[in-house]
Amino acid sequence: MQREPQAFDRVLSSMCTTPHPVAREAAERFLATNPGDPGTYPTISALEDEAIELLGEVAGLDDPAGYVASGGTEANIQAVRIARERARTTATGGEMSGTPETPETPTVVMPESGHFSFQKAANVLGVDLELVPTDDDHRVDLEAVRACVDETTAMVVGVAGTTEYGRVDPIPELGEIAQSVDALLHVDAAWGGFVLPFTDHAWQFDHAPVDTMAIDPHKMGQAAVPAGGLLVRDETLLDELAVDTPYLESTSQATLTGTRSGAGVASAVAAMTELWPDGYREQYERSQANAEWLAAELAALGYDVVDPELPLVAADLPQATFEALREAGWRISSTGSGELRVVCMPHVTRAQLESFVAEIDALESESETPAATT
Ligand SMILES: Cc1ncc(COP(=O)(O)O)c(C=O)c1O
């Protein structure tokens, strides 16, 4: 096979990036290992313990437990599964195991800005997903969350770095609400987790009563795909996921997949060892400066721009301009409301953004219409 993967020079909407060279090298070295079978592959299994220790440092958690998942989707599904199992155990007084009858379907309360992976979780796990609105600045409306939770609520979700606008929900307040109904608080920091440590946001385990978290090395963490992260505050939460593994040397397994990528685990450890914290801080500063530069340029061209609180810019470009940019090979996407969305990942350079803006400028001049949103 002679084909090559796409270049990254026009990729502006992906939440993945080129892996750091040390992450790439480690991924290749551990390609044929399977942390799903720790009895046979003890080296990668030990590396996974290191990955969780490092993720705990990033997310402010002493004594972390968890595992390297295939991505944010799996981490979110597993977090919902933990909450569902815990709710069942609580509802039945801890006496039942397996799939007991439940008095009521457990619910997960989530802002409408939550990632679509929770729809999959609800679907697969048979829980009800209750979406609550966000405010004018795209953060969850706390009053709406308060009004939504009740004794059926198994989990409240807060997003730390939303997919569309890079917003951080008020995590400590969500924690209080979750505790008031004895629900778990899950933080989805799949994308934001490797930039938020360098901001003033309250998002992590030592800022709030967070129970579980998705935090992905294969996004801002610069590891190779697949390397997602599921962290839990208390190791016993993982017991909610454990199944017996009769034919393996290890006795139980908490992961969703069986055979897993050792490449993802090894590259996550390599990237975090190399970059935490200074390398990630420098990358955050570069990405954030790029986002602010792009936002200012687009505003100067007359577009409405959503202030980039994290390195993600949303702007209201005319549909025709958006389509012309896609035609020209720019890999861009739009929000649910139709704004252009640019994620300033590590591979996105200032030079790349300059040529992107120049192309928008040229398209606008060609169409001889003033920058307008219709
Ligand atoms: C906030 C958030 N959560 C979860 C996910 C899903 O992650 P993955 O695509 O790695 O499964 C994404 C993906 O972009 C995301 O932005």
Side-chain angles (χ1 to χ4, degrees), residues 11-17 19 23 27 51 55 58-59 66-81 108 110-124 129 131 134 138-140 155-169 171 174 185-196 199 201 203-204 210 212-231 255-257 260-261 263-265 267-268 271 287 291 308-314 331-336 341-348:
V11 175
L12 294 183
S13 63
S14 179
M15 287 193 146
C16 294
T17 192
L55 279 173
V58 177
Y67 73 90
V68 177
S70 55
T73 298
E74 181 183 339
N76 286 338
I77 290 174
Q78 289 284 77
V80 173
R81 190 169 152 223
V108 170
M110 180 179 89
E112 61 189 3
S113 56
H115 188 259
F116 57 77
S117 47
F118 289 95
Q119 303 281 356
K120 298 183 187 177
N123 219 312
V124 171
L129 192 57
L131 295 184
T134 50
H138 310 287
R139 286 184 191 80
V140 72
M155 169 178 273
V156 175
V157 176
V159 190
T162 57
T163 312
E164 293 195 331
Y165 299 104
R167 289 302 189 250
V168 181
D169 288 322
I171 303 298
L174 287 176
L185 172 65
H186 175 66
V187 171
D188 184 356
W191 176 71
F194 283 87
V195 292
L196 286 164
T199 69
H201 289 285
W203 65 285
Q204 60 187 49
V210 178
T212 57
M213 180 181 286
I215 173 166
D216 286 358
H218 75 199
K219 295 190 171 70
M220 277 293 190
Q222 298 179 50
V225 178
L230 173 68
L231 285 181
T255 55
L256 189 58
T257 50
R260 291 185 289 136
S261 167
V265 172
S267 79
S287 293
E309 210 166 80
L310 293 179
L312 196 163
V313 180
R331 298 287 169 239
I332 48 176
S333 68
S334 52
T335 66
R341 174 180 161 273
V342 171
V343 193
C344 293
M345 295 299 289
H347 65 267
V348 175

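Counting convention: from 1, in listed order, for ligands and their atoms alike. These figures come from a predicted structure and were not determined experimentally.
- Checking side-chain atoms of Ser13 against main-chain N and O of Arg331 turns up a donor-acceptor pair under 3.5 Å.
- Nearest protein heavy-atom contact of atom 9 (O) of ligand 1 is Lys219 NZ, 4.0 Å.
- Among all protein heavy atoms, the one lying closest to atom 6 (C) of ligand 1 is His115 CE1, 3.3 Å.
- Some N or O of Thr73 is nearer than 3.5 Å to an N or O of ligand 1, by distance alone.
- Here OG of Ser334 is found 9.0 Å from CZ of Arg341. Values are rounded to the nearest 0.5 Å.
- Here the side chain of Glu74 pairs a donor or acceptor atom with the backbone of Ser70 at under 3.5 angstrom.
- Using a 4.0 Å cutoff on heavy atoms, His218 counts as a contact of ligand 1.
- Counting heavy atoms under 4.0 Å from ligand 1, residue Asp216 touches it through the side chain alone.
- Ser113 and His138 are not linked by any side-chain donor-acceptor pair at a separation below 3.5 angstrom, with hydrogens and angles left out of the test.
- Residue-to-ligand polar distances keep Trp191 apart from ligand 1: every N/O pair is separated by 3.5 Å or more.
- Ligand-side atoms of ligand 1 in range of Thr163: 1 (C), 2 (C), 15 (C), 16 (O), range being under 4.0 angstrom from any heavy atom.
- The closest side-chain donor-acceptor pair between His115 and Thr163, if any, does not fall under 3.5 angstrom.
- At the top of the distance list for atom 2 (C) of ligand 1, counting protein heavy atoms only, stands Asp188 OD2, 3.5 Å.
- Every atom of ligand 1 with a heavy atom of Gly71 under 4.0 Å away is listed here by number and element: 10 (O), 11 (O).
- Using a 4.0 Å cut-off to heavy atoms of Ala190, the atoms of ligand 1 that qualify are 2 (C), 3 (N), 4 (C).
- Remark: the backbone N or O of Arg139 is not paired with any side-chain donor or acceptor of Asp169 at under 3.5 angstrom.
- Below 4.0 Å from some heavy atom of Asn76 lie the following atoms of ligand 1, by number and element: 3 (N), 4 (C).
- Between Glu74 and ligand 1, no N or O atom pair is found at a separation short of 3.5 Å.
- Proximity to Met15 (heavy-atom distance under 4.0 Å) selects the following atoms of ligand 1: 14 (O), 16 (O).
- Separation of atoms CG (Leu310) and OH (Tyr165) is listed at 15.0 Å; rounding is to 0.5 Å.
- Looking only at distances, no side-chain donor or acceptor of Asn76 sits under 3.5 Å from a matching main-chain atom of Ser117.
- Taking NZ of Lys219 as the start and OG1 of Thr17 as the end, the distance is 12.5 Å to the nearest 0.5 Å.
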